Novice: 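First the structure, then my questions, so here it is.
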Amino acid sequence: MPLDLPKAYDATAVEPDVYQRWETSGCFKAGAGARPGKPSYVIAIPPPNVTGVLHMGHALNNTLQDTLIRWRRMQGHDTLWQPGTDHAGIATESVVVKQIQEEGKTRDELGREAFLKRVWAWKEQSGGKIVHQLRKLGASCDWSRERFTMDAGLSRAVRVMFKRLFDAGLIYRGTRMVNWCPVQQTALADDEVEHIEKNGHLWKLRYDLEDGSGSIVVETTRPETFFGDTAVAVNPEDERYKHLIGKRVRLPIIGRLIPIVGDEHADPTKGSGAVKITPAHDPNDYEVGKRHSLPLIQVIGFDGTMTTEAAHFAGQDRFACRKAVCAELEASGVLLGSTQIQHSVGHSYRSNAPIEAMVTEQWFVQMKPLAERAITETVEGRVQFHPERWAKVYGQWLTDVRDWCISRQIWWGHRIPAWKCGACGKHTVAIDDAQTCQHCHSADIVQDSDVLDTWFSSALWPYSTLGWPEQTPEMARYFPTSTLVTDRGIIFFWVARMVMTSMFALDQKPFSDVYIHGTVLDERGDKMSKSKGNGIDPIVMISGGTQKYLGKEFTCPGYGADAMRYTLLDMTTEGQDLKLSPSKFETGRNFANKVWNAGRFLLMNLSEQPLAAPPSDEQVRAAIIGFPEQWLLDRLQTATDECTTALERFRYNDYANGAYRFFRDDLCDWYVEWAKRRFKAGGEQAQAAATILAYAFERVLRLLHPGMPFLTEHLWQHLQAQTGGAMWQGFLMLQAWPEPVAALRVPGTAERMARLQAIVTAVRNVRNLVGLADGVAVAAEIDGPDELTADAEFLTDRGNLSTLSILAGATKPPQSVTTVVGALKVHIPLSGLVDLSKVKVQLSKREQTLTKAISGKEGRLGNADYLARAPAEQVAETKAMLEAERAELANVRETLTTL
RNA sequence: GGGCGAUUAGCUCAGCCGGCCAGAGCACCCGCCUUACACGCGGGCUGUCGCAGGUUCGAAUCCUGCAUCGCCCACCA
């Protein structure tokens, strides 16, 4: 072997170096490789948690983005893939809180300033990790423009947006019932609450009437809240209870008297029909309370323990209290028993703790006006979802959306730019820190201690990263962005809110297309997650290593990013979930190795058959010295079209597959095998084969590049070194995406090839039919026109299939089977090769199936409806097939008589 | 309670704006270390296209109903 290249592709030895050269050469910079006249193409990365680590979901998400960006960059668009990270308020804060707790301290002991210092330190320490992992993936982001949601610029954008919304009357402060997480002690937005079906009890409690005339039974899932009951509601139409309205009952243990009120909320068909009303701890009850002016009594504190309202249970955890209260109420005969039920309980999507409904004062965004415009953009097609069905989900959510609670009682995040005046009590909202109250000019003002929901800053991401609110050149050039690639899990959190804020503040959509990809699942079909231990570490798959997966350890030698990317692309079909296992990535690894070796084969031959320069379209056309060459180049045009169309439609698997089919089946299996003959023949033939191969291989490297960037770049550099010349310069990643070359198309080529392949199939069928052992060659003869001779040569040496002799007007040799391919007859002499008596049996079977097939077709053609309604083409096809089968049957019969 | 998705070869999935005898990869079987690749080559086996109806000359593909699994939404005391 003239070239000292390893037989097996070692991605781990190649990828880091290739990436380094791209990055230092400025290949990732916005606009790199852009050609005049092409519009911009922009993707804003879904910013990962700054302190997070790359998981398979990120790998998928970013592979899809990188594939699009690389493809568009090659097409000559002015591309920008805007990278960055998110401060992830609650998630990051709780990690640091845990760290501090392990040191035996609390957040509050540390104080706000010192705590924030700690978080920043943690961010600095771990913040680079995920960004470096993205590099391992091959992500071609413009790292020079990396942003963080708490950068100065982005923080200013947050303040500007807050002020604009406030000034427009769309941000307000209000006392409302919100979702409260007792673990993190903060309010949460509605969509930050996950409802989980839990087994629970429905307890029956007996409340005695004040006048001793009896009692009323209420049912509840939360008996511990009875301390906060301020009424019992019954339906005003309910005959059972109508007469009790206005009377009072006495609460157990504490003896407080509460009224029985009539309210529509009480459903006579549910439970006992009477319901306890706890306005401070239930959203429904809160509404009932408002209607009847009932007092709010908070019995569960913000930390999840009972307040002093709960008598001697004060200080107990809410769940411990439930048990204790039940025990005590049962002993005193108030608790009349319980039934098992299933009900959904809200949990914090961050801390997983059961949330409490709490009445607090918070900041809200009024959503209706914002939502309406966001819906319009989608309905009118300016923002398009792929797959389309997500537009419905998105629209539905926006239609029913409730106001967004944006204040969080944590420290890590954008502090709310509102100052409360100690003198007049009003708020001053300002972009730059306020010094005096704008209402009464008092200097006695204090900034709100809360921070904003993380999603508030994420909502500005596509434009805050480009410099908004300044009118920067980047804003002019790269906004609106083009495609957003994300997970269905954050359509509400993120996608919808980006559209809303963008329409509000810029009067423009933030992106044109939203591609929603599937969720990464393990091999059993469960969502991958740290806690379940079923995640596959992308870095282990890329660089190698050992990890635990589904309770077992597995070791990966390091398949490389290309291998992983290819597998992910191959599995990405129209937003379907991806069921992965470590072995799945062998698909990509094997294909990468195939590409590598085909490259080696070409380089080896080029060293013996050097090309003066990379072949141009014209030169490769001149090198078409036979049908195989004509076919390969024609096929290349089709493959080019297929890849382009697939990417335009976000059909990643079609793209991966289209490139794969051409590469493996057509280029390697057919043409490379054929080229070996050309190289052996030497001279002009060898030169032509080298030209064709070098050209086709180079084109397909371009087609593969968006999916497998490292390997293709590496091979391209080798190819370039070997062929030099003016055409192949610089980096593959900045070369032009192939366009179909009309001059290399020859109409009818595919059909001609299909006919040849049909001969192969026909011969194989006969071989199987007669039970010919593998490895036994037959010399089939084709009875057809002269011009087939050259074509059929192409079939020769396709493995140990057969040797084909092409004889125009050949007569049937004795003891041979004849098979019919279109207008051709293929004679396969079997004399001495097989037991002819067995062949007879097989042929009789074949005779039967043919007879059956023929009668079926005759039936169809005898059907007047079919002839009248089916397209003429279809009918003609059926007729042709019928004729072919008849001819074959005749041959089979003839053969039978000769055997 | 509502919505969405899935159900095709042993496994993972394509195909589904109706008609090219239902496809790929993996697994399996047979034959090959053929001088690019055994992470390979050549060949082969495997499917009542979830069930029941309907529309149509013709349905995996359209319609209706059902079943199973999964996801999302929803203030089910």
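None of the values given here were measured: they were computed from a predicted structure. Values below: every heavy atom of this structure, side chains too, minus hydrogens, waters and symmetry copies.
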Novice: Verify the contact: side-chain N or O of A/Asn590 to OP1 or OP2 of B/rG25, cut-off strictly under 4.0 Å; return yes or no.
Specialist: no

Novice: Under a 3.5 Å cut-off for both contacts, is B/rG5 paired Watson-Crick or G-U wobble with anything, and if yes, with which nucleotide?
Specialist: B/rC69

Novice: Pick the P atom in B/rU34 and in B/rG40, then give their distance to the nearest Å.
Specialist: 15 Å

Novice: Determine the interatomic distance between P on B/rU35 and the same-named atom on B/rA9; round to the nearest Å.
Specialist: 39 Å

Novice: From the options B/rC4, B/rC37, B/rA77, select the nucleotide whose nearest atom is closest to the side chain of A/Lys392.
Specialist: B/rC4

Novice: Please tell me whether A/Lys204 and A/Thr339 have a donor and an acceptor in their side chains that are separated by less than 3.5 angstrom.
Specialist: no

Novice: As an exercise, state the distance from CG of A/Asp562 to OG1 of A/Thr712, rounded to the nearest 0.5 Å.
Specialist: 6.5 Å

Novice: Regarding A/Val672, tell me which of base, sugar-phosphate or nothing describes its non-hydrogen contacts under 4.0 Å with the strands shown.
Specialist: base

Novice: Base, sugar-phosphate or nothing for A/Ala266? Non-hydrogen atoms, less than 4.0 Å.
Specialist: base

Novice: The side chain of A/His343 is closest to which nucleotide in this list: B/rC72, B/rA74, B/rA77?
Specialist: B/rA77

Novice: Would you mind telling me which of B/rG19, B/rC73, B/rA77 lies closest to the side-chain atoms of A/Tyr866?
Specialist: B/rG19

Novice: Starting at CZ of A/Phe663 and ending at C1' of B/rG40, how long is that distance when rounded to a whole Å?
Specialist: 14 Å

Novice: Expressed in whole Å, how much space separates the P atoms belonging to B/rG5 and B/rU46?
Specialist: 34 Å

Novice: How many angstroms lie between OG1 in A/Thr587 and CG in A/Leu569, if you round to the nearest 0.5 Å?
Specialist: 12.5 Å

Novice: For the residue pair A/Val325 and A/Phe227, establish whether any side-chain heavy-atom pair is separated by less than 4.5 Å.
Specialist: yes

Novice: Can you find a side chain N or O atom of A/Arg664 that sits less than 4.0 Å from OP1 or OP2 on B/rA24?
Specialist: no

Novice: Where each residue is assigned the nucleotide of RNA chain B containing its nearest heavy atom, which of A/Leu602 and A/Arg869 is assigned the position nearer the 5′ end?
Specialist: A/Leu602

Novice: To the nearest Å, how far apart are A/Asp190 CG and B/rC73 P?
Specialist: 11 Å

Novice: Mind checking if A/Ser583 touches a base, just sugar-phosphate, or nothing, with heavy atoms under 4.0 Å?
Specialist: nothing

Novice: Could you let me know what B/rC26 is paired to, Watson-Crick or G-U wobble, both distances under 3.5 Å, or none if it's on its own?
Specialist: B/rG10

Novice: Does A/Lys276 make a side-chain N or O approach to OP1 or OP2 of B/rA77 shorter than 4.0 Å?
Specialist: no

Novice: Check whether any side-chain N or O of A/Thr573 sits under 4.0 Å from OP1 or OP2 of B/rC13, and answer yes or no.
Specialist: no

Novice: From the options B/rA77, B/rG25, B/rC39, select the nucleotide whose nearest atom is closest to the side chain of A/Arg589.
Specialist: B/rC39

Novice: Using atom P of each nucleotide, how far apart are B/rA14 and B/rC62 to the nearest Å?
Specialist: 15 Å

Novice: Going from CG on A/Leu550 to CE on A/Met528, what distance comes out if it is rounded to the nearest 0.5 angstrom?
Specialist: 9.0 Å

Novice: Can you name the closest pair of heavy atoms from A/Glu523 and A/Ser581 and give their distance?
Specialist: OE2-CB, 3.6 Å

Novice: For A/Pro279, does its backbone N or O pair with a side-chain atom of A/Asp285 as donor and acceptor, under 3.5 Å?
Specialist: no

Novice: Looking only at atom P, what distance separates B/rC39 and B/rG23, rounded to whole Å?
Specialist: 29 Å

Novice: Check the distance between B/rC71's C1' and A/Tyr394's OH and give it to me in whole angstrom.
Specialist: 21 Å

Novice: Expressed in angstrom and rounded to an integer, what is the separation of A/Asp526 atom CG from B/rC71 atom C1'?
Specialist: 13 Å

Novice: Taking only N and O in the side chain of A/Lys204, is any of them less than 4.0 Å away from OP1 or OP2 of B/rA77?
Specialist: no

Novice: Identify the nucleotide, in any strand shown, that forms a Watson-Crick or G-U wobble pair with B/rU55, with both distances under 3.5 Å; if there is none, say none.
Specialist: none

Novice: Could you tell me how far B/rC11 sits from B/rC4 if I compare only their C1' atoms? Round to whole Å.
Specialist: 26 Å

Novice: Please tell me which of the listed nucleotides, B/rC76, B/rU12, B/rC57, lies nearest to the side chain of A/Met571?
Specialist: B/rU12

Novice: Indicate the atoms forming the closest heavy-atom contact of A/Val345 with A/His347, along with that distance.
Specialist: O-ND1, 2.8 Å

Novice: Quick one: A/Ile196 CD1 to B/rA74 C1', roughly how many Å, whole number?
Specialist: 16 Å

Novice: Would you say the side chain of A/Arg389 and the base of B/rC4 hold a donor-acceptor pair, judged only by whether the two atoms sit under 3.5 Å apart?
Specialist: no

Novice: Please determine if a side-chain N or O atom of A/Arg651 lies less than 4.0 Å away from the OP1 or OP2 oxygen of B/rG15.
Specialist: yes

Novice: For A/Arg488, report the nucleic acid contact type (base, sugar-phosphate, nothing); a contact means any heavy atom under 4.0 Å.
Specialist: sugar-phosphate

Novice: With rounding to whole Å, what would you report as the distance between B/rC66 and B/rG10 at their C1' atoms?
Specialist: 28 Å

Novice: Does A/Arg488 form a salt bridge (Lys or Arg N to Asp or Glu O under 4.0 Å) with A/Asp577? I'd like the steps, not just the answer.
Specialist: CA-CA 11 Å; A/Arg488 61 171 177 262; A/Asp577 289 347; 3.1 Å; yes

Novice: Using a heavy-atom cut-off of 4.0 Å across all strands, would you classify A/Tyr559 as base, sugar-phosphate, or nothing?
Specialist: nothing

Novice: So what does A/Asp267 hit on the nucleic acid, given a heavy-atom distance under 4.0 Å: a base, only sugar-phosphate, or nothing?
Specialist: base

Novice: Can you pull out the residues from residues 592-599 of chain A that lie within a 4.0 Å heavy-atom distance of RNA chain B?
Specialist: A/Asn593, A/Lys594, A/Asn597, A/Ala598

Novice: Tell me which of A/Ile341 and A/Glu523 sits closer to the 5' end of RNA chain B, going by the nucleotide each one is nearest to.
Specialist: A/Glu523

Novice: Please say whether more than 12 non-hydrogen atoms of neighbouring residues, nucleotides or ligands are located less than 6.0 Å from NZ in A/Lys532.
Specialist: yes

Novice: Just to be sure I understand the rule, does A/Met177 reach a base, reach only the sugar-phosphate, or reach nothing, if contact means heavy atoms closer than 4.0 Å?
Specialist: nothing

Novice: Strictly by Watson-Crick or wobble contacts shorter than 3.5 Å, is anything paired with B/rC45, and which nucleotide is it?
Specialist: none

Novice: CD of A/Gln576 versus P of B/rG25: gap in Å, rounded?
Specialist: 21 Å

Novice: Whole angstrom is fine here: how far is it from CZ in A/Phe601 over to P in B/rU34?
Specialist: 15 Å

Novice: Checking A/Asp191 against A/Tyr349: is there a side-chain donor and acceptor pair closer than 3.5 Å?
Specialist: no

Novice: Indicate, with a heavy-atom threshold strictly under 4.0 Å, whether A/Lys270 touches base, sugar-phosphate, or nothing.
Specialist: base

Novice: Take atom C1' in B/rC13 and the same atom in B/rU7, then report the distance between them in whole Å.
Specialist: 12 Å

Novice: Ignoring hydrogens and angles, does a donor from either the side chain of A/Asn284 or the base of B/rC75 sit under 3.5 Å from an acceptor on the other?
Specialist: yes

Novice: Would you kindly give the NZ-to-C1' distance between A/Lys579 and B/rC71, to the nearest whole Å?
Specialist: 14 Å

